[in-house]
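First the structure, in the form of structure tokens, and then the observations on it.
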Amino acid sequence: MRPGWTLCAKLSGLAFAASLASCADSAESGTQPDAEQEVWQKPDVPAFPGAEGYGARSKGGRGGRIIRVTTLADSGPGSLRDCIETLGPRVCVFRVSGLIRFTGAPPRIRHPFITIAGESAPGEGITLAHGGGSVGRTPLVIKNTNDVIVRHLRIRNDRVGDERGSEDGITIENSSHVIIDHVSASWARDELVNGFGNNNFITISNSLFSWGIPKHDKCALLASDPERPQHFSFLGNLCAHNGDRNPDINFPPLSCVEVVNNVFYNAQSEFAEVWESYGGTPVAIVGNTFIAGPDTKSNAIGIVRQRIASTGPARVFVADNDFIGKFLLKDHDLAEITLDRPDCPLTVAPASPQAAYARVLAMAGAFPRDALDRQVVGEVERREGAIVHSPGTIPAIPASRAPADTDRDGMPDDWEDAHGSNPDLPDAWKDANGNGLANIEEWLEERHQQLTGGVRSSSTS
């Protein structure tokens with residue numbers, strides 16, 4: 001068990017309030033030395049039902065405060081910023097739908113033990129954007145922290161900032177036990193998703209990254225400037241209309257990196273890039289689909305061995321990938337570093353690339369899907385579309401009323417009535433039906449299933 005978890009996440013009431021100072025100390029110091037020593041094991045209680053990969057042990061805000069986001073404003077009481085900047089374990093649940101535009105510098109997630117539950121939003125969900133110009137920075141930054149869960153958010157950089165290198169869609173920096181799941185991002189002028197520094201135990205899954213802006217149109221830079229080995233999972237994602245870094249894989253030896261069951265569409269010059277500048281990445285690339293599009297050059301490469309400034313050979317396990325269209329499937333030098341079996345056992349059982357392709361097109365990204373994600377998926381299916389050279393327009397998101405929540409514990413009254421919980425008493429972390437899931441986690445999972453076409457919720461939105 002990681003230091004700080006018992007203290008920060010299981011206390012409540014007066015004991016919880018008294019623990020905030022200790023949680024703040026944990027937030028500032030981080031848990032990287034401990035994360036560095038941890039050996040990954042499949043969690044008994046995952047971050048959420050179905051969580052996979054090296055980040056699946058993330059605690060998120062489990063056991064903490066339920067904080068309701070009641071306004072789309074940049075800051076102030078009831079804002080997402082207010083929840084992000086609160087100390088101690090917390091779950092951000094949304095009582096509003098619409099666009100949150102950060103008119104100041106976007107907040108950084110720096111206090112540990114947080115779940116941002118975009119699936120809780122009513123109606124058409126939540127989109128994040130920055131204000132452009134001097135505040136045009138990465139809308140979702142996770143920095144110097146641990147135990148973060150983010151699900152079902154859209155990030156659309158529709159305005160241009162004044163510093164390209166600080167304008168990712170998502171940045172994860174010097175953090176551990178992070179899971180990004182069912183998130184959509186578009187129009188970043190740097191990477192759509194960027195891992196920087198000494199991260200560890202990270203999962204990016206079931207997400208949709210589209211339309212990076214040239215001349216730096218990149219899908220995913222999984223690691224940059226790492227000093228230590230990392231555990232990193234990139235699972236079930238869709239990268240579309242990005243020139244290269246689909247994804248970029250550059251880790252030190254003794255890392256465990258898996259790129260499994262993703263779909264990569266319409267890269268211009270390069271799809272997956274395996275680098276050796278930190279001593280040689282160990283990576284498994286399994287069950288993915290690489291598809292040429294209108295912008296894909298005939299000399300583009302599906303899996304590239306990047307030997308620029310190499311300080312040691314990579315170690316690559318490649319199995320059961322599909323390559324569709326006219327491009328060079330694998331770098332000629334890749335055979336020299338290809339393994340018969342992966343250095344690290346996979347954390348997931350891979351599906352076939354055909355089954356994964358169908359699932360990614362049906363399930364990747366934030367739900368409900370907006371018009372942009374529907375457009376991207378349709379273009380992949382039809383082998384259409386193009387890399388764009390400027391941001392587009394964020395679709396309007398109609399206001400929706402969240403269902404009644406009398407006790408303000410994050411769960412709708414009618415859902416609580418139907419599931420044996422008490423709508424008049426805050427009982428988010430109790431287990432009304434004894435199935436091992438806290439009430440709030442069960443409702444969030446049912447909401448996720450509702451949004452993605454699974455089990456219908458008994459509550460309305």
Side-chain angles (χ1 to χ4, degrees), residues 32 35-36 53-55 138 142-143 165 168-176 178 180 188 190-204 207 209 212 215-235 237 239 242-260 262 264 267-286 288 290 300-318 321 330-339 342-344 346:
Q32 296 308 300
E36 183 184 6
Y54 287 116
T138 304
I142 300 164
K143 185 171 182 176
D168 299 320
I170 303 166
T171 294
I172 306 170
E173 180 177 347
N174 295 328
S175 295
S176 69
V178 175
I180 303 292
D190 205 31
E191 280 77 22
L192 286 160
V193 59
N194 174 28
F196 181 81
N198 294 314
N199 296 315
N200 207 358
F201 301 106
I202 310 295
T203 292
I204 298 174
S207 293
F209 305 114
K215 297 181 178 180
H216 207 264
D217 45 325
K218 317 292 186 183
C219 180
L221 177 62
L222 301 187
S224 178
D225 295 342
E227 297 176 351
R228 298 194 291 263
Q230 301 184 18
H231 296 73
F232 202 110
S233 300
F234 196 75
L235 309 173
N237 304 295
C239 288
N242 300 290
D244 60 0
R245 297 186 181 177
N246 293 280
D248 182 297
I249 311 162
N250 197 3
F251 291 80
L254 303 182
S255 295
C256 292
V257 185
E258 53 186 11
V259 177
V260 179
N262 304 281
F264 305 111
Q268 187 172 48
S269 58
E270 293 164 332
F271 288 85
E273 305 174 41
V274 182
W275 286 78
E276 302 178 341
S277 53
Y278 300 116
T281 300
V283 61
I285 303 174
V286 180
N288 304 285
F290 301 82
I301 306 175
I303 303 177
V304 183
R305 181 186 183 185
Q306 294 283 19
R307 305 184 73 167
I308 300 169
S310 175
T311 59
R315 296 174 60 81
V316 184
F317 177 73
V318 179
N321 299 285
K330 301 175 186 177
D331 200 316
H332 296 302
D333 291 340
L334 194 67
E336 298 175 9
I337 56 172
T338 299
L339 308 174
D343 277 351
C344 304
L346 298 180

Determine whether a donor-acceptor pair (N or O, by modelled atom type, separation under 3.5 Å) exists between the side chain of [X] and the backbone of [Y].
X	Y	result
S233	G53	no
D168	E191	yes
S224	F196	no
N198	P226	no
S269	A300	no
T281	W275	yes
N288	V259	yes

Legend entry - Derivation and outcome, side chain to side chain contact (heavy atoms under 4.5 Å, CB included), residues F234 and C239: CA-CA 11 Å; F234 196 75; C239 288; 4.2 Å; yes
Could you tell me the separation between the [atom1] atom of [X] and the [atom2] atom of [Y], rounded to the nearest 0.5 Å?
X	Y	atom1	atom2	value
E276	I249	CD	CD1	12.0 Å
N194	I170	CG	CD1	10.0 Å
I337	D331	CD1	CG	8.5 Å
F271	C219	CZ	SG	11.5 Å
N250	L222	CG	CG	9.5 Å
N262	I204	CG	CD1	10.0 Å

Inset, instruction - For the pair R245 and E270, find out whether any cationic side-chain nitrogen is under 4.0 Å from an anionic carboxylate oxygen. - result: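 A salt bridge is absent here (no side-chain N lies under 4.0 Å from a carboxylate O).
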Inset, instruction - Considering only NZ, NE, NH1 and NH2 on the basic side and carboxylate oxygens on the acidic side, decide whether D244 and K218 come within less than 4.0 Å. - result: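 Answer for the salt bridge query: yes.
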Inset, instruction - Please check if atom CD in E227 has more than 12 non-hydrogen atoms from other residues, nucleotides or ligands closer than 6.0 Å. - result: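 Atom CD in E227 is not crowded, with 12 or fewer foreign heavy atoms closer than 6.0 Å.
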Legend entry - Other residues, nucleotides, ligands: >12 heavy atoms within 6.0 Å of R305 CZ: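 Yes - once you tally the heavy atoms of other residues, nucleotides and ligands closer than 6.0 Å, there are more than 12.
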[X] to [Y] - nearest heavy-atom pair and separation:
X	Y	result
I142	S175	O-OG, 3.5 Å
P253	G279	CG-O, 3.4 Å
L192	G212	CD1-N, 4.0 Å
I308	S277	O-CB, 4.2 Å
F317	L339	CD1-O, 3.6 Å

Inset, instruction - Check whether the side chains of N242 and D217 place a donor and an acceptor atom closer than 3.5 Å, and report yes or no. - result: no
Inset, instruction - Examine the side chains of S255 and Q230 and answer whether a donor and an acceptor come within less than 3.5 Å of each other. - result: no
Inset, instruction - Could you check Y54 against F232 for ring-ring contact (aromatic ring centres under 6.0 Å, His included), going step by step and ending with a plain yes or no? - result: CA-CA 6 Å; Y54 287 116; F232 202 110; 9.0 Å; no
Legend entry - Non-hydrogen side-chain atoms of K143 and N174 separated by less than 4.5 Å: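 Not touching, per the 4.5 Å side-chain cut-off.
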Inset, instruction - Please tell me if the side chains of L346 and V286 come closer than 4.5 Å, counting only heavy atoms from C-beta onward. - result: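 Contact flag for L346/V286 side chains = yes.
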Inset, instruction - Applying side chain to side chain contact (heavy atoms under 4.5 Å, CB included), run through I172 and I202 and close with a yes or a no. - result: CA-CA 9 Å; I172 306 170; I202 310 295; 4.0 Å; yes
Legend entry - Distance flag, aromatic centroids of F264 and F290, threshold under 6.0 Å: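 Yes, they do, as the ring centres are separated by less than 6.0 Å.
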Legend entry - Qualifying residue for side-chain contact (heavy atoms from CB on, under 4.5 Å) with V260, from L235, N237, I285: L235
